[in-house]
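Report on the following structure.
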Amino acid sequence: GVLSESELDRVIDELLFQPGADLTPPDRLVSRVYTWAGDAAGFRSLAECLPNSILRAKGFLGKGHPTYLFDWVIGRWTLQEFQLPESRTALINHIVVIGRPEMIEDLEAVSREFPAFLFRL
């Protein structure tokens, strides 16, 4: 079966807060971490183009203040101001995505269209 929303949240938080963690989402899902080198307005344009093969995505955006929390749940997304603790500033401009395997090809197409959206090895 597909993961519940709370299970997806747990996996995505672990990937986001422990970037070195060797964590594979269960149930034949794949995960990737991207960095964003643009501004919040550009990211809104990107979010409109994200593929439906993404089940869950989350990340923090910003250069200084304000910081934004990007949150994607099965095709619906929000980008809202978020007070990120100083201890977490290394997380800024990293987006974790979890989805079905075809998501990887879909995201490569998006990345070609938005060069500021880069896969982080």
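Keep in mind the model is a prediction, meaning the values are calculated, not measured.
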What pair of heavy atoms forms the shortest contact from [X] to [Y], and how long is it?
X	Y	answer
Val30	Pro101	CG2-CA, 3.9 Å
Ala40	Leu79	O-CD2, 4.1 Å
Trp72	Ala47	CZ3-O, 3.8 Å
Ser53	Met103	OG-CA, 3.2 Å
Ala116	Gly38	CB-N, 3.6 Å
Cys49	Val110	O-CG2, 3.6 Å

task = Before giving the answer on side-chain contact (heavy atoms from CB on, under 4.5 Å), spell out for Leu61 and Ile95 the whole-Å C-alpha distance, their side-chain angles and the decisive distance to 0.1 Å.
result = CA-CA 8 Å; Leu61 303 170; Ile95 311 295; 3.6 Å; yes
request  = Using a strict cut-off of less than 4.0 Å between a Lys/Arg side-chain nitrogen and an Asp/Glu carboxylate oxygen, indicate whether Asp9 and Lys58 qualify as a salt bridge.
outcome  =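 Not counted as a salt bridge, because no side-chain N and carboxylate O are separated by less than 4.0 Å.
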Roughly how far, to the nearest 0.5 Å, is the [atom2] atom of [Y] from the [atom1] atom of [X]?
X	Y	atom1	atom2	result
Ile98	Ser31	CD1	OG	6.0 Å
Ile74	Asn52	CD1	CG	10.0 Å
Phe60	Leu84	CZ	CG	5.0 Å
Thr67	Gln83	OG1	CD	6.5 Å
Ser111	Ile104	OG	CD1	12.5 Å

ask   = Any side-chain heavy atom of Pro66 within less than 4.5 Å of one from Phe82?
value =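 With C-beta onward as the side chain, the pair stays apart.
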message = Does anything in residues 88-97 form a side-chain hydrogen bond (donor to acceptor under 3.5 Å, both in side chains)? List the pairs, not counting sequence neighbours.
response =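 Listed once each, the pairs are His94-Arg120.
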query = For Leu118, what residues pass the side-chain contact (heavy atoms from CB on, under 4.5 Å) criterion, not counting sequence neighbours?
reply =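 Partners of Leu118 under the side-chain contact (heavy atoms from CB on, under 4.5 Å) test: Thr35.
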request  = Under the ring pair (Phe, Tyr, Trp, His ring centres under 6.0 Å) rule, collect the residues that match up with Phe43, sequence neighbours excluded.
outcome  =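 For Phe43, the residues satisfying ring pair (Phe, Tyr, Trp, His ring centres under 6.0 Å) (neighbours in sequence not counted) are Trp36, Phe70.
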query = Residues in ring pair (Phe, Tyr, Trp, His ring centres under 6.0 Å) with Tyr34, at least two apart?
reply =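 For Tyr34, the residues satisfying ring pair (Phe, Tyr, Trp, His ring centres under 6.0 Å) (neighbours in sequence not counted) are Phe117, Phe119.
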task = Output, in order, the C-alpha distance, side-chain angles, deciding distance and verdict of side-chain contact (heavy atoms from CB on, under 4.5 Å) for Leu55 and Val97.
result = CA-CA 8 Å; Leu55 297 178; Val97 288; over 6 Å; no
Salt bridge (Lys or Arg N to Asp or Glu O under 4.0 Å): pairs with one or both residues in residues 30-45, sequence neighbours excluded =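 Sorted pair list: Arg32-Glu108.
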request  = Please identify each residue that fulfils salt bridge (Lys or Arg N to Asp or Glu O under 4.0 Å) with Asp71, with sequence neighbours left out.
outcome  =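 For Asp71, the residues satisfying salt bridge (Lys or Arg N to Asp or Glu O under 4.0 Å) (neighbours in sequence not counted) are Arg56.
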inquiry  = Taking side chain to side chain donor-acceptor pair (under 3.5 Å) as the definition, give me every residue that meets it alongside Glu102, ordered by chain and number, with sequence neighbours left out.
reply    =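 Counting only residues at least two positions away or on another chain, Glu102 forms a side chain to side chain donor-acceptor pair (under 3.5 Å) with Arg100.
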